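We use all heavy atoms of the structure for the numbers below, so side chains are in, but hydrogens, waters and symmetry mates are not. Residue numbers start from 1 in every chain, and the chains themselves are labelled A, B, ... in the order their sequence lines are given, proteins ahead of strands. For clarity, every value in this text was computed on a predicted model and none was experimentally measured.
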Protein chains: 2
Amino acid sequence: MCLNEQARLDQVFQALADPTRRKVIERLAAGPATTSELARPFAMALPSFTQHLAVLERAGLVSSTKQGRTRTYRLTPDALEVADGWLARQRRLWQRRLDQLDHFLTTLKEQ
Amino acid sequence: MCLNEQARLDQVFQALADPTRRKVIERLAAGPATTSELARPFAMALPSFTQHLAVLERAGLVSSTKQGRTRTYRLTPDALEVADGWLARQRRLWQRRLDQLDHFLTTLKEQ
DNA sequence: CTGATACTTAGGTCAATACCTAAGTATCAG
DNA sequence: CTGATACTTAGGTATTGACCTAAGTATCAG
């Protein structure tokens, strides 16, 4: 745990770079679910699927607890915010840049 | 070009899942730059670096044009919005869910 | 025309990813 | 206690990803 920011972003974006894992996140937005509930929609062997869950958990996007023989997963919104924060920062930067360009073009036109 | 939404998200998140590529994006927010200008800060053979640029371009995050022997890269904000859009949608969903939970806890307390 | 510059192409290594099957362990229901 | 359920572990394959070196092509400067 507690990796540096770059490694954290690596893991989060990597985790989101797969449609199965994104669908799991989308499903978990509706509430917690067990491994087999999450796996049901996917035509994939269970061990393959649990690997996806492990990727999501390592990235900090979900957390799980085991009670009896079932493991329940739930969203951990914090990690999504890491990705979101980076994107928001970039958006601000290029927005500013587009504004400058706009201003440049405007003053150019005025001459 | 014109892949479906899922494949598009795959490529964008995959492209962002590497610190070198994110730094290139950050650099390009300050304005267009050539291959060698972008490569300079990185201790990496040029062919390795241009592969990173190719990944960014395939994802639609940047575009490039060649004039003479230099190739210039610039940001293409649209693709960032694809990732941003997905994240924003998720955030809305889990925000709503957290609100519901909040409401549930509140009504629980009132009883 | 020649040499330097700015990539580009070809091809190779090594590690990580995404899957699989088969066999294990742990719990619960009857 | 036994069988079914819910994962988990072990181990294998095939593809992709991130790097490298070496050698190519294309422009520009003098």
Side-chain angles (χ1 to χ4, degrees), chain A residues 3-4 6-25 27-28 31-74 83, chain B residues 3-4 6-28 31-74 79 83:
Chain A
L3 302 144
N4 66 51
Q6 289 301 322
R8 189 99 194 260
L9 281 168
D10 285 4
Q11 289 197 317
V12 171
F13 282 127
Q14 182 65 49
L16 295 178
D18 179 281
T20 299
R21 292 191 292 256
R22 282 195 307 275
K23 275 175 203 137
V24 169
I25 300 243
R27 163 63 189 80
L28 286 178
T34 66
T35 304
S36 43
E37 282 167 358
L38 291 170
R40 196 160 357 248
F42 300 97
M44 190 183 293
L46 191 60
S48 312
F49 185 74
T50 56
Q51 259 187 319
H52 284 300
L53 292 176
V55 171
L56 289 170
E57 193 157 21
R58 255 187 292 119
L61 287 161
V62 307
S63 66
S64 72
T65 51
K66 192 161 188 175
Q67 39 213 312
R69 57 197 159 147
T70 73
R71 183 175 288 279
T72 301
Y73 286 87
R74 74 205 88 256
Chain B
L3 303 145
N4 65 51
Q6 289 302 323
R8 188 101 192 261
L9 280 168
D10 285 3
Q11 288 197 319
V12 172
F13 282 127
Q14 184 64 53
L16 295 178
D18 179 283
T20 300
R21 292 192 292 256
R22 284 196 305 275
K23 276 176 204 136
V24 169
I25 300 242
E26 286 166 9
R27 163 65 188 79
L28 286 177
T34 66
T35 303
S36 43
E37 281 166 359
L38 291 170
R40 196 161 355 248
F42 300 97
M44 189 183 294
L46 192 59
S48 312
F49 185 75
T50 56
Q51 258 186 318
H52 284 299
L53 293 175
V55 171
L56 288 171
E57 193 158 21
R58 255 187 291 120
L61 287 162
V62 307
S63 67
S64 71
T65 50
K66 192 159 187 177
Q67 39 213 310
R69 58 196 159 149
T70 75
R71 181 175 289 277
T72 300
Y73 285 86
R74 75 205 86 252

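Note on the helix from C:dC1-D:dG30 to C:dG30-D:dC1: angle between the axes of the first and last five pairs equals 30°, rounded to 10 degrees.
When every heavy atom of A:T34 is checked against every heavy atom of A:E37, the shortest pair comes out as N-OE1, 2.9 Å. Taking all atoms of both residues into account, the shortest heavy-atom contact from A:A59 to A:R8 is O-NE, 4.4 Å. Nearest heavy-atom pair, A:V62 versus A:L53, reported as atom, atom and distance to 0.1 Å: CG2-O, 4.3 Å. Here the closest non-hydrogen pair linking A:L28 and A:A33 is CD2-N, 3.9 Å. What you find for A:A83 and A:L9 is that their closest heavy atoms are CA-CD2, 4.1 Å. Listed here is the closest heavy atom pair of A:T20 and A:F49: CG2-CE1, 4.0 Å.
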**OP:** Going 5' to 3' through nucleotides 25-30 of chain C, assign each nucleotide B (protein heavy atom under 4.0 Å from a base atom), S (under 4.0 Å only from sugar-phosphate atoms) or - (no protein heavy atom that close).
**Re:** --BS--
Subject >> Nucleic acid footprint by protein, nucleotides 10-23 of chain D - heavy-atom cut-off 4.0 Å, B for base, S for sugar-phosphate alone >> reply: --------SBBBB-
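Annotation: the span from B:L38 atom CG to B:R27 atom CZ amounts to 6.0 Å, rounded to 0.5 Å.
When rounded to the nearest whole Å, the span between CZ of A:F42 and P of C:dA18 equals 14 Å.
Taking only side-chain nitrogens and oxygens, A:T34 never comes nearer than 4.0 Å to OP1 or OP2 of D:dA6. Within the 4.0 Å cut-off from OP1 or OP2 of C:dA6, not a single side-chain nitrogen or oxygen of B:T35 is found. Taking side-chain N and O atoms only, A:T50 has no distance below 4.0 Å to OP1 or OP2 of D:dT8.
The only option from B:Q14, B:R21, B:R22 that meets the side chain to side chain contact (heavy atoms under 4.5 Å, CB included) definition with A:F13 turns out to be B:R22.
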Original post:
B:R71 and B:S64: side-chain hydrogen bond (donor to acceptor under 3.5 Å, both in side chains), yes or no, with the steps?
Top reply: CA-CA 6 Å; B:R71 181 175 289 277; B:S64 71; 2.9 Å; yes
**OP:** Test side-chain contact (heavy atoms from CB on, under 4.5 Å) on A:H52 and A:D18 and set out the steps.
**Re:** CA-CA 9 Å; A:H52 284 300; A:D18 179 281; 3.7 Å; yes
